[in-house]
Structures are given as C-alpha cells and as structure tokens.
Amino acid sequence: MQRQLSPTPTKEPGEARPRPATVREVQVPEAITVARLAELVHASPIDLMKQLMRAGVMASINQAIGFNTAAAIIPAYGYRAVPVAEAAKAAKAPEEAGDPAKLQSRPPVVTVLGHVDHGKTTLLDAIRKTKMAQREAGGITQHIGAYQTEYKDHKVTFLDTPGHEAFTAMRARGANATDIAILVVAADDGVMPQTVEAINHVKAAKVPIVVALNKIDKPEADPERVKRQLTEHGLLVEEWGGDVIAVPVSAKAGTGIDDLLENILVVAEVAELKANPYLRARGIVIEARLDKSRGPVATVLIKNGTLNVGDYVVVGNVRGRMKALVSDAGRRLQSAPPSTPVEVLGLNELPQAGDTLEAVPSERAAKALVEARLLRQGNLRTHVSLEDVVNRIRTGETQELNLIIKADVQGSVEAVREAVMRLSTEKVQVHIIHTASGAITESDIFLAEASQALVLGFNTGVEQGARRLAESEGVQIRFYNIIYTMVEEIQGLLEGMVQPVVKDIVEGHAAVRTIISRSRQSKVAGCMVTDGRLLRNAQIRVLRKGKAVYEGPIQSLRRFKEDVREVAAGMECGVVLAKFDDFQEEDILEARRQEQQPAR
Ligand code: GDP
C-alpha cells in the first residue's frame, strides 16, 4: 500500500490568549512577512514570533510565512484571515479579461538594429525630424527613450535605443516590446558581424524585419551586393521572390524615409497589431532614472489598456500612483492608450528597464501585489542549465533544444554546428539560435536567457562581464575542446531524455485455480495470489508452463463480487483481462508494473 503523506503536524498555539468578542476580517496575501502581518493585526512582531514558535514555526521578523500559517495564528488577535482576492485579480493578465469585441488596432512599435556606424542613430533622428515639421508649437521635444511619429494619419512608435543588446536585454527580462525591427545596413559597407548578430536576435524573437539599405547617397553604395549577402543569412528580399522588404534610404540626406514608413505600415497591417484600450494598463519600462526634483521617472511603453493620471500601478517591486504622464513632445497627458510611450511620475522607487507596469484597482492591491512578489522572488528566476532544458523537454514543456555556439575560429564554428545539428531526433529539435567566432559576450547571455538557450563555448573563453551575467541570470555555459566529447555529452542527455529507462517491476503472482464462464465473451480466472500482490492497474502476463502467452491490462479485479484495488498474497480473487479469456488451469498470472526512471 502506498503510504499517504500526512501534513507536518503543527502544534496548537499553547497559550492562546482569550479570544476577543469581535472578530475582524483582514486580507492576507499568499505569503506575508511576520513584520507586515504584525502591522495588519496591530500586534508586536516579537509577540507574533512567539505565537508562531508555539505553533512550531520558526520565523524571523522579515521572513515570510504562508497564508495558512498566518490564518492559524491571527485569531488570537481577534482577526480572521481572508485571501487577497483583489490582488489575485490584479495579478491576472488584463488580456485575459479582455473583450475581443473591444480590440482595436494599435500603432506598431519599431526598433532599429544594425552594425555600428551603419546609421541607426542618424535614421532615428531623420524619422523624428519628419514629424517635427508637423508638430504643433508649444511642446518641447524631449528624449524619453521612445517617440511617436505620424505618417499618413497612422502613428508609429520608435524605441530610441538602437541595437540588439537593448532589444535582447529587454526580451531576457520577459518584455517583448518590439513589433517590427528595422535592420539598417550601410550599402557601402555591407553585412557585417553585428548585422548577422542582429538578424539572429530578431529571428529568435520572431519579429518581422524591414531592411533599410542606408547611405545610398554614397557613390560606393552597392545595394544589390547587400541583398545578396542578406540571402546568405536567410533574408530573401521581395524583388527576388522572398518576403523581406528592403528600402533604399539615406538617413543623412533624408531620402527614402517616407518609403520606409510606408512599408512599416504595410508590415504592421499584416501583423494585425491589436490592443484593448478599455482595460487597465499594462506596459513595459523602457528607461528609468532618478530626477533630482521629480523623483523616480520612468518611460513606459503601454502595451495594452490605457494608463490614466491617478491610476495605481505596480512595476516589478515598485508601486505608485500616477501623478503625471508626459509625452515625448513634452506635453502633459491625461491618459495614454496602447503603444504610447510616456514618461510617468509618481513611483515610490526606481523601477528597472524591462519591468512590466500594471495598473491595479487600489492602493491596497498594489501593496499586496508587491509584497507577494518580494516574497516569491528567487523562485521565479528562470535558470537555463542543460539539466533544466532536459527537464523541460522531458515534461513535454518544449521539444526544442536551443543553442548558441561560440568558437575560436569560424572553421570550428562550422564543425560544431554540423555536429550538433545531427543531434536532432524525431522528438527533440536542435535549434541553433546564433553562432559566431570569438569569446562569449553579454549579448550572447541575454540572447540565451531570452531564448532559453544553452551557450556552448568551443575552444573559447567568456568575457568577464558575460561570466558575471551568466552567473546572476543562471544561464549555463558549457565549455568543450573536443567535438566528440561535446557530441557524446549532449547526445547522452537527449537520448536519456526521450527514452527514459523503463524499469519492469514484478509485483506478484497468482495461480489460476478455476475458470468461470461469465458470458460467451468473457471468462473469469479464479485465482489465488501466491506471492506479492495483484493490483487493479497492473499489467498481467499470462504464463503457461513458464512461457508468456499473453500480456495486457486487467479489466476487473474482484473479491466476493466486490471490485477491489488490490489483492494480497494468500487471498483468492477473480480476474478478468481486457482482451484475453483463454485461461487454462495452472496458468500463472504475473502482475507487473512499469516505472519510468530518468536516464541518469
Ligand atoms: P550608428 O552607429 O549605427 O548609430 O551610426 P550613426 O547614425 O552614428 O552614423 C555613423 C556615421 O555614418 C555618421 O558619421 C553619419 O553621419 C553617417 N551616416 C549615417 N547615415 C548616412 C547616410 O545615409 N549617408 C551618409 N553618407 N552617411 C551617413
């Protein structure tokens, strides 16, 4: 019999104080610190700790206790604990509560990526300028980390920090801000290492790409060569039958910008970007800084819903009430609909870029949510070790093994790529997210975190900052210098993963004494369990003179007309098998159970 685990016994609070006549309700989150609970029930934390100790729970003042423990303790103070429903509701994604009928299209959010000096900053400025001319007087343009421009009555939001480092760092924090990526390639210089890196980062994020063939004003510009080079990296331009739009521009001279915007709108339309402006807001922090006079200031990109002045919000572990919303044009707004970047004032602390902002119904909900988060922290971290990935594959959470490969020279990169590609099996696809020669960089770690990928270093090292980042983010780097060793190790894990070792366990035997015809189709074997036990859910192997004649599941297991789950040795029982009734006297029924065991 399987033993039932009983909950750890907790002692009754020994010297519970006399219960006050009135019992007040207090909302308690799923986890709460002793200090905060003491505050809620107007008790001294020391007193509360004593009560906990009597109940067998050792907790220091800043330690968290669960709802149930809290609920068991606070009646002594005249309170009854109720779960924080409000906080739970607020924690739910607003989309879940969204009414599809209220979905409206929203402006695309665009990030500019590309190799250094290919003109990202110049392009962002050029686009910003096209709007400046149309902008009404009065506002003072400010750099808040993102801006909105308008083209043919359609808004487009641009993130001001170009480059894939920022793009992937955000994604690693769970924030997918970008809808469309503009890949800037200088037509005179062509595809360069960071261009390739950008392509891989954007592909990993499954974000559509529009290529800006920049610097076409230069006499040595060769856009056709760039298109050919892009093909080698899986980007086939439209004119060659692909689906990538490439627009020739000169960021410096301001030519081709309209064409670029026009095409971004086309891609946005295809992507059917929607949001529900009637929900409470949810957004992403793009930038945050401490202003001497205004306190913490953050630029938030609204992803869904509408943020209003006066709203209570939670951003990571920070909370606040929206005092003011300021647009990139320096105007004060009352509210900010989806895809709007706004500077927000009113947070109690500095949030982090990449954090999600959520509007919540009340200050109390905000407090509870932050509290629950603080307590849960540490458990929420996503670690990317080979073992974790293997586990996720084993549990069916994913069928992909994502890899980032860095090696000493391009030749080894290719060799390693080929070797690991061959490791794909029917059940597990090996995906190579990014490869390059050189040391492992921070950018690789962010990409690994964002894509739940492992980093393989082949005959190469890791940059200091990247090592620290990998450690703090729990991204695993595996180093190898012999391909064979690498292949063997990964293969071993993958195989173990898809074919867990199945252990066959014989649980018992029963001898068939008589055969009873119940109907024409089914016969009951009247048996005596000779050793072990017979379980209702066992597989039965029918042995005749030592040879197996059948194996299959039990259809019914009975004792005295009663269905039973188990029959022990020395007992008699009736067995009906699901698809077998050709019993003979003296057959032996062997009860077997299969147990899957991890292959390590
Ligand atoms: P980033 O590093 O990608 O942000 O590149 P920048 O925007 O800083 O541009 C690098 C250099 O290229 C600057 O000197 C720009 O003036 C120049 N540049 C950018 N776009 C163009 C262009 O369309 N034509 C020419 N001739 N020069 C450009």
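Since the structure is predicted, the reported quantities are computational estimates derived from the model, not experimental observations.
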Please check if the side chain of [X] supplies one atom and the backbone of [Y] the other of a donor-acceptor pair under 3.5 Å.
{"X": "D47", "Y": "S44", "result": "no"}
{"X": "N348", "Y": "R319", "result": "yes"}
{"X": "S327", "Y": "A329", "result": "yes"}
{"X": "N200", "Y": "E197", "result": "no"}
{"X": "T460", "Y": "G457", "result": "no"}
{"X": "T299", "Y": "I144", "result": "yes"}
{"X": "K303", "Y": "N176", "result": "yes"}
{"X": "R321", "Y": "G310", "result": "yes"}
{"X": "N276", "Y": "L103", "result": "no"}

With heavy-atom distances below 4.5 Å as the criterion, would you say the side chains of [X] and [Y] are in contact?
{"X": "D179", "Y": "V207", "value": "no"}
{"X": "L403", "Y": "V430", "value": "yes"}
{"X": "V28", "Y": "L37", "value": "yes"}
{"X": "Y480", "Y": "E489", "value": "yes"}
{"X": "I182", "Y": "V110", "value": "yes"}
{"X": "L535", "Y": "E507", "value": "yes"}
{"X": "V360", "Y": "V313", "value": "no"}
{"X": "L347", "Y": "V315", "value": "yes"}

Minimum heavy-atom distance [X]-[Y], with the two atoms named:
{"X": "T441", "Y": "A466", "value": "C-CB, 3.4 Å"}
{"X": "F167", "Y": "H201", "value": "CE2-O, 3.7 Å"}
{"X": "P337", "Y": "I302", "value": "O-CB, 3.5 Å"}
{"X": "L333", "Y": "V342", "value": "CD1-CG1, 3.5 Å"}
{"X": "D311", "Y": "T306", "value": "OD2-O, 3.9 Å"}
{"X": "P107", "Y": "P338", "value": "CD-O, 3.8 Å"}

What is the distance from atom [atom1] of [X] to atom [atom2] of [Y], rounded to the nearest 0.5 Å?
{"X": "M322", "Y": "Y312", "atom1": "CE", "atom2": "OH", "value": "11.5 Å"}
{"X": "L454", "Y": "L401", "atom1": "CG", "atom2": "CG", "value": "5.5 Å"}
{"X": "K120", "Y": "T111", "atom1": "NZ", "atom2": "OG1", "value": "12.5 Å"}
{"X": "T69", "Y": "I74", "atom1": "OG1", "atom2": "CD1", "value": "11.5 Å"}
{"X": "I433", "Y": "Q452", "atom1": "CD1", "atom2": "CD", "value": "10.5 Å"}
{"X": "S335", "Y": "L307", "atom1": "OG", "atom2": "CG", "value": "8.5 Å"}

I'd like to know if [X] and [Y] make a salt bridge, using a cut-off of under 4.0 Å between side-chain N and carboxylate O.
{"X": "K406", "Y": "D444", "answer": "yes"}
{"X": "E39", "Y": "R36", "answer": "yes"}
{"X": "R128", "Y": "D160", "answer": "yes"}
{"X": "R289", "Y": "E343", "answer": "yes"}

- Mutual orientation of the aromatic rings belonging to Y147 and F158 [parallel < 30°, tilted 30-60°, perpendicular > 60°]: parallel

- Does the side chain to side chain contact (heavy atoms under 4.5 Å, CB included) test come out yes or no for L325 and T340, once each step is laid out? CA-CA 11 Å; L325 308 175; T340 315; over 6 Å; no

Any side-chain donor paired with an acceptor under 3.5 Å for [X] and [Y]?
{"X": "T157", "Y": "Q148", "value": "yes"}
{"X": "Q104", "Y": "R106", "value": "no"}
{"X": "S293", "Y": "D291", "value": "yes"}

- Message: Go through it in stages, so that I can follow the logic: the residues are F479 and I477, the test is side chain to side chain contact (heavy atoms under 4.5 Å, CB included), and I'd like the CA-CA distance, side-chain angles, deciding distance and then a yes or no.
- Response: CA-CA 6 Å; F479 295 99; I477 308 174; 3.6 Å; yes

- Query: For K203, does the NZ atom have more than 12 heavy-atom neighbours from other residues, nucleotides or ligands under 6.0 Å away?
  - Reply: yes

- Item | Over 12 non-hydrogen atoms of neighbours within 6.0 angstrom of CZ in R332 | no

- Step by step, work out the side chain to side chain contact (heavy atoms under 4.5 Å, CB included) result for M486 and L456. CA-CA 9 Å; M486 178 192 72; L456 305 184; 4.0 Å; yes

- Determine, step by step, whether L290 and V297 satisfy the side chain to side chain contact (heavy atoms under 4.5 Å, CB included) criterion, reporting the C-alpha distance in whole Å, the side-chain angles of both residues, the deciding distance to 0.1 Å, and the verdict. CA-CA 6 Å; L290 208 54; V297 177; over 6 Å; no

